[in-house]
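Residue numbers begin at 1 in each chain, while the letters A, B, ... track the order of the sequences.
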2 protein chains.
Amino acid sequence: MTQQAFYSVHPKFHAAVDCIIFGFEEGELSLLLLQRNFEPAKGRWSLAGGFVEEGEDLDDAARRVVAELTGLDDLYMRQVHTYGEVERDPGERVLSTAYYALVDIKKYDRELVRAHNAFWVKLPAIPRLIFDHDRMVSDALRFMRYQATVKPVGINLLPEEFTLTQLQALYEAILGEPIDKRNFRKRIAQMDYIEKTGGIDKTLSRKGAALYRFNREKYDGNFKI
Amino acid sequence: MTQQAFYSVHPKFHAAVDCIIFGFEEGELSLLLLQRNFEPAKGRWSLAGGFVEEGEDLDDAARRVVAELTGLDDLYMRQVHTYGEVERDPGERVLSTAYYALVDIKKYDRELVRAHNAFWVKLPAIPRLIFDHDRMVSDALRFMRYQATVKPVGINLLPEEFTLTQLQALYEAILGEPIDKRNFRKRIAQMDYIEKTGGIDKTLSRKGAALYRFNREKYDGNFKI
DNA sequence: CCGGTTGAGTGTCAAAATTACACTTACAAA
DNA sequence: TTTGTAAGTGTAATTTTGACACTCAACCGG
């Protein structure tokens, strides 16, 4: 058997990516969802998705899909799972790999999002999604939650500089439960890679809240071996 | 644009599964690896893999690949990750999804394994593997280790009935560090889903060691909501 | 200018979980 | 009956986690 034949006796499939795009606003997690104005499943809600193209890495396809929708590159993205049931897409057989992305919700390109008929929807209010996208969301949420307990990925949902009150609200949203303020700040104080910038945010309090930033070098120094 | 055209403008790809098959013997984790007597990469070591076929779920393809090699069905298997770099398979473009499987190493079909030119290799001694299979192994190992700290998946590597000494040796192999015997037994004692069978194993000690089994009903009762 | 309001910031103690640690027992073989 | 081997057992110290309430700074309105 030639090497060519080795491959060619096997079928090929469409490969897609679907992206669970998380944002954080007003104390709640949101997802960027599309109300589809195109077939198939026109009119229904879905994740941002797209097909993998010739010569394109799987990860890159996911980055492209998110960039085309939000204008944002360089996001924190992680692969969640690949869904390969024969009948999962009623149109044709498609293997789809889900990725989650974390977005600073202040930064996305509003024009692009509008043009795609996409909307930020707060988590508790998300509608039924097409195909198996509901399952993708719950798998992504579980995985993101787990990662957030292990490393400070949540920071990617906040602006460069943030207050501890914002950070706490974020973790409360991610974990879905209230956190004691003093215990939280005690824990953060031990993380030398979350450092004061010296700046002060006065938008929320008369007193003003110290601004912090994530220091990637210190973090990598502590945990990469 | 018709629905047909929606799909057909996009390329298709080969979809493969590669399986990291773990066993446990003599206090060490092993992998079932193939020394390939077929192209491509004939003569080199690889994971057990195969292509997804028409009308076959992705998970089922992974089960089939493991079953064809070991004769074992009904194994504990979990998807690890999908590898989609353009150049990862030097032959043709293939998207490959890795799964790990946990095998009771006493039970596999020796004829089948021999026929496939496959061998159990203890973890510290595994050779260089083809393509990106090394990376698959290390990702699978990390994932399996994590899962083992969270739920008793390791039990799938032991026979139905096992002694606490075996169980401890297993966890020491999975975690890669020694465990205090009394603390370990204290922890196990709290898990009512690991129960004495009443049987006694005399193969290792004159005194005899109590045999235990995993009670799936009790476990599911405790943790499924 | 002073009292009120708002969110920021801070420390201690109790409970729970984790870790370290060494000897006795049962049995079979010599 | 002595000896060797793996099985089995409890306690105390340490660390980690969780509960809890007031003061501070600054601005606002009267």
Side-chain angles (χ1 to χ4, degrees), chain A residues 24-28 145-146 148-152 155 158-159 161-192 194-214 222-223, chain B residues 24-28 145-146 148-152 155 158-159 161-192 194-214 222-223:
Chain A
F24 174 67
E25 200 175 27
E26 295 167 17
E28 297 207 70
R145 274 189 180 135
Y146 160 65
T149 63
V150 171
K151 39 188 184 174
I155 294 221
L158 294 177
E161 305 204 347
F162 49 85
T163 68
L164 292 184
T165 303
Q166 279 178 288
L167 188 64
Q168 182 177 344
L170 170 67
Y171 272 86
E172 288 176 334
I174 290 176
L175 304 176
E177 57 188 17
I179 303 173
D180 178 87
K181 183 162 60 154
R182 280 181 287 193
N183 293 337
F184 180 76
R185 292 166 104 99
K186 214 188 303 169
R187 200 148 18 102
I188 299 297
Q190 293 168 336
M191 304 176 183
D192 63 347
I194 296 182
E195 60 188 14
K196 272 195 185 169
T197 66
I200 291 182
D201 177 296
K202 295 226 168 190
T203 55
L204 270 177
S205 88
R206 314 192 190 296
K207 184 178 178 179
L211 286 166
Y212 289 76
R213 79 164 75 84
F214 177 66
N222 286 346
F223 297 100
Chain B
F24 174 67
E25 200 175 27
E26 294 167 19
E28 297 209 69
R145 274 189 181 137
Y146 161 65
T149 64
V150 172
K151 39 188 184 176
I155 293 219
L158 294 177
E161 304 203 347
F162 49 85
T163 68
L164 291 185
T165 303
Q166 280 178 287
L167 188 62
Q168 180 177 346
L170 170 66
Y171 272 87
E172 288 176 333
I174 291 176
L175 304 176
E177 57 188 17
I179 302 173
D180 179 87
K181 182 163 58 155
R182 280 181 287 191
N183 294 337
F184 181 76
R185 292 166 104 100
K186 212 188 305 170
R187 200 149 14 103
I188 299 298
Q190 292 168 337
M191 304 175 184
D192 64 346
I194 296 182
E195 60 188 15
K196 271 194 185 169
T197 66
I200 290 182
D201 177 296
K202 295 224 168 193
T203 54
L204 270 177
S205 86
R206 314 198 189 292
K207 184 180 178 180
L211 286 167
Y212 289 77
R213 80 164 76 86
F214 177 65
N222 286 346
F223 296 101

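- Residues from residues 204-214 of chain A placing a heavy atom under 4.0 Å of any atom in DNA chain D, listed by number, are A/Arg206, A/Lys207.
- Among the heavy atoms of the strands, none lies under 4.0 Å from B/Thr163.
- Counting only distance, with no hydrogens or angles, the side chain of A/Arg145 and the backbone of A/Ile174 share a donor-acceptor pair below 3.5 Å.
- Between B/Leu158 and B/Phe214 the shortest side-chain heavy-atom distance does not fall below 4.5 Å.
- Residue order along DNA chain D, read from the 5' end via each residue's closest nucleotide, puts B/Gln166 first among B/Asp180 and B/Gln166.
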Hey, mind stepping through A/Glu172 and A/Gln168 against side-chain contact (heavy atoms from CB on, under 4.5 Å) and telling me if it holds? CA-CA 6 Å; A/Glu172 288 176 334; A/Gln168 182 177 344; 3.2 Å; yes
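- Using a 4.0 Å heavy-atom cutoff across all strands shown, A/Lys202 reaches sugar-phosphate atoms only and no base atom.
- Distance check: B/Glu195 CD to B/Tyr212 OH gives 11.0 Å after rounding to the nearest 0.5 Å.
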Show your reasoning for whether side-chain contact (heavy atoms from CB on, under 4.5 Å) applies to A/Leu211 and A/Thr163. CA-CA 5 Å; A/Leu211 286 166; A/Thr163 68; 3.9 Å; yes
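- Of all nucleotides in DNA chain D having an atom under 4.0 Å from a heavy atom of chain B, the first and last in 5' to 3' order are D/dG4 to D/dT11.
- Here the P atom of nucleotide C/dA8 and the CZ atom of A/Phe184 are 12 Å apart, to the nearest Å.
- For the side chain to side chain contact (heavy atoms under 4.5 Å, CB included) with B/Arg185, the lone residue among B/Ile179, B/Leu164, B/Asp180 that qualifies is B/Leu164.
- Distance NZ (B/Lys186) to C1' (C/dA16): 13 Å, rounded to an integer number of Å.
- When each of B/Lys181 and A/Asn183 is assigned the nucleotide of DNA chain D bearing its nearest heavy atom, the one mapping closer to the 5' terminus is B/Lys181.
- Residues B/Thr165 and B/Leu204 form no side-chain contact, since every pair of their non-hydrogen atoms from C-beta on lies 4.5 Å or further apart.
- Rounded to whole angstrom, the span from the CZ atom of A/Arg182 across to the P atom of C/dA8 amounts to 15 Å.
- Taking the six-membered ring where the residue is Trp, A/Phe184 and A/Tyr171 present tilted rings, their angle falling between 30° and 60°.
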